[in-house]
2 protein chains.
Amino acid sequence: MQLSNDPYRLFKQFLSLHLEADDQITEFCKKFKHKKTKKNELLLSVDEVCSYLYFVNSGCLRIYLLDNNGNESTRFLVTENKFGTSFPSFKLQEPSLASIQSLEPADLLYISYKDFNVLLHEYPAWERIYRIILEKEYIESIKRIESLITMDAKQRYQALMETSPSFIQRFPSRMIADYLGISQETLSRLKSKR
Amino acid sequence: MQLSNDPYRLFKQFLSLHLEADDQITEFCKKFKHKKTKKNELLLSVDEVCSYLYFVNSGCLRIYLLDNNGNESTRFLVTENKFGTSFPSFKLQEPSLASIQSLEPADLLYISYKDFNVLLHEYPAWERIYRIILEKEYIESIKRIESLITMDAKQRYQALMETSPSFIQRFPSRMIADYLGISQETLSRLKSKR
DNA sequence: TAAATTTATTGACATTTGTCAATCACCAGT
DNA sequence: ACTGGTGATTGACAAATGTCAATAAATTTA
């Protein structure tokens, strides 16, 4: 698929959904830079302080953890039209437990922690948009917690098929597995057993 | 323990941490009402739309789910100096999947959805405080997700002992168990096997 | 205080899920 | 078309966790 020439097109569209006046949109855009990534490019490694918040124009970011045994666990999958970062590290400016990887060739906008705070303190409209994004993400995380504490592996997989069917086609099944908190083999068996 | 006469004391103190000027604090307080609960009092039942956001002066709120088999799962435990509600239901004004229970006799402030939005739209300072609360809660929820997808029952219990040791003394162990997403029996065995 | 109720612990066993290893299928590059 | 590599599937088994039942301990209520 061919992306529009203007890398800020999607972002502006996103912003305009939440803003009455359009006058500040260009100010916001000025703080975001544009970047393309290759498949599997690493944007943040464990123990680095996360300096950027990303907006995904196309492609997908994967925020994931690596445990002592070398097992990966996917904290989030961030697709088109969404914001993503290693949030605790970005917000608190402390070393990240998670890494960020560009799963596919991606087209991204990104803003530095410093500029992000400039927007936050100078533009009430940005504070509002950010708050709305936080609310949405928080609600999603609550649902994720609920699925993890109340459902078994099969139920979680079925729930994911209902809420995010595109994930299942789009991402390798070992990532779906560790997003669900189960092993690749268990997921494979769930799929075959109807 | 005897609480101060002014039920807004803790709340004001909380607000003043995040506000430069104190002039709006009384405005905020006006929108919050005061309420005492009995032990085990139910503040919200499943399928009701959650109308209130609570601030806990003393006591504890438990936000929990009930599955088809009658198993309870604790989504959150909200203690002194914290805000709590059935967030997805409160925010989206849709029927709640969770119930809210006052685990102990509690002293609460609460604000209606309507008044909450009045504050949100009329006071940038409230928007800011709310945003800061959201950030904190969101970070906590991310850590909870991480512990659920990367750790086994024993590790989760140990992590809880480190981050919230007071929980373990304070709450019945079956609630700790379903907060961790494990059965009461498994928790009981974890405790005995060191 | 005693009785009644709830909560916690323990054992036996079933189920779920993980681990390791082998095989299979697919794709990328030559 | 071959080849090497990655990802997916399957089997055999091990480990973790859940379930059910019995008992013990603690708490509440009369």
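Chain identifiers are assigned alphabetically (A, B, ...) following the order of the sequence lines, protein sequences preceding nucleic acid strands; residue numbering begins at 1 within each chain.
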Nearest whole angstrom, please: distance from the [atom2] of [N] to the [atom1] of [X].
| X | N | atom1 | atom2 | result |
| --- | --- | --- | --- | --- |
| A/Ile168 | D/dA8 | CD1 | P | 13 Å |
| A/Gln155 | D/dG18 | CD | P | 13 Å |
| B/Arg156 | D/dA16 | CZ | P | 14 Å |
| B/Arg189 | D/dC20 | CZ | C1' | 11 Å |
| B/Gln184 | C/dT10 | CD | C1' | 13 Å |
| A/Asp178 | C/dG18 | CG | P | 11 Å |
| A/Ile182 | D/dA16 | CD1 | C1' | 15 Å |
| B/Asn40 | C/dT6 | CG | C1' | 11 Å |

Per [X] side chain, nearest of listed nucleotides [options]:
| X | options | answer |
| --- | --- | --- |
| B/Lys191 | D/dT17, C/dT9, D/dT10 | C/dT9 |
| A/Glu185 | D/dC20, D/dG11, D/dG7 | D/dG11 |
| A/Asp152 | C/dT19, C/dT17, C/dT9 | C/dT17 |
| A/Thr186 | D/dG18, C/dG18, C/dA8 | C/dG18 |
| B/Ser192 | D/dT9, D/dT19, C/dT10 | C/dT10 |
| B/Ala153 | D/dT17, C/dT10, D/dT9 | D/dT17 |
| B/Arg174 | C/dT7, D/dT10, D/dT19 | C/dT7 |

Item checked: Ionic contact status for A/Glu140 with A/Lys82, cut-off 4.0 Å -> yes
Item checked: A/Glu146 bridged to B/Arg144 by N-O distance under 4.0 Å -> no
Do [X] and [Y] have their ring centres less than 6.0 Å from each other?
| X | Y | result |
| --- | --- | --- |
| B/Phe90 | B/Tyr52 | no |
| A/Phe171 | A/Tyr179 | no |
| B/Phe32 | B/Phe11 | yes |

Checklist line | First encountered from the 5' end of DNA chain D, between B/Ser183 and A/Ser173 | finding: A/Ser173
Next item on the list: On DNA chain D, check which nucleotide each of B/Lys39 and B/Leu187 is closest to and give me the residue with the more 5' one.
Entry: B/Leu187
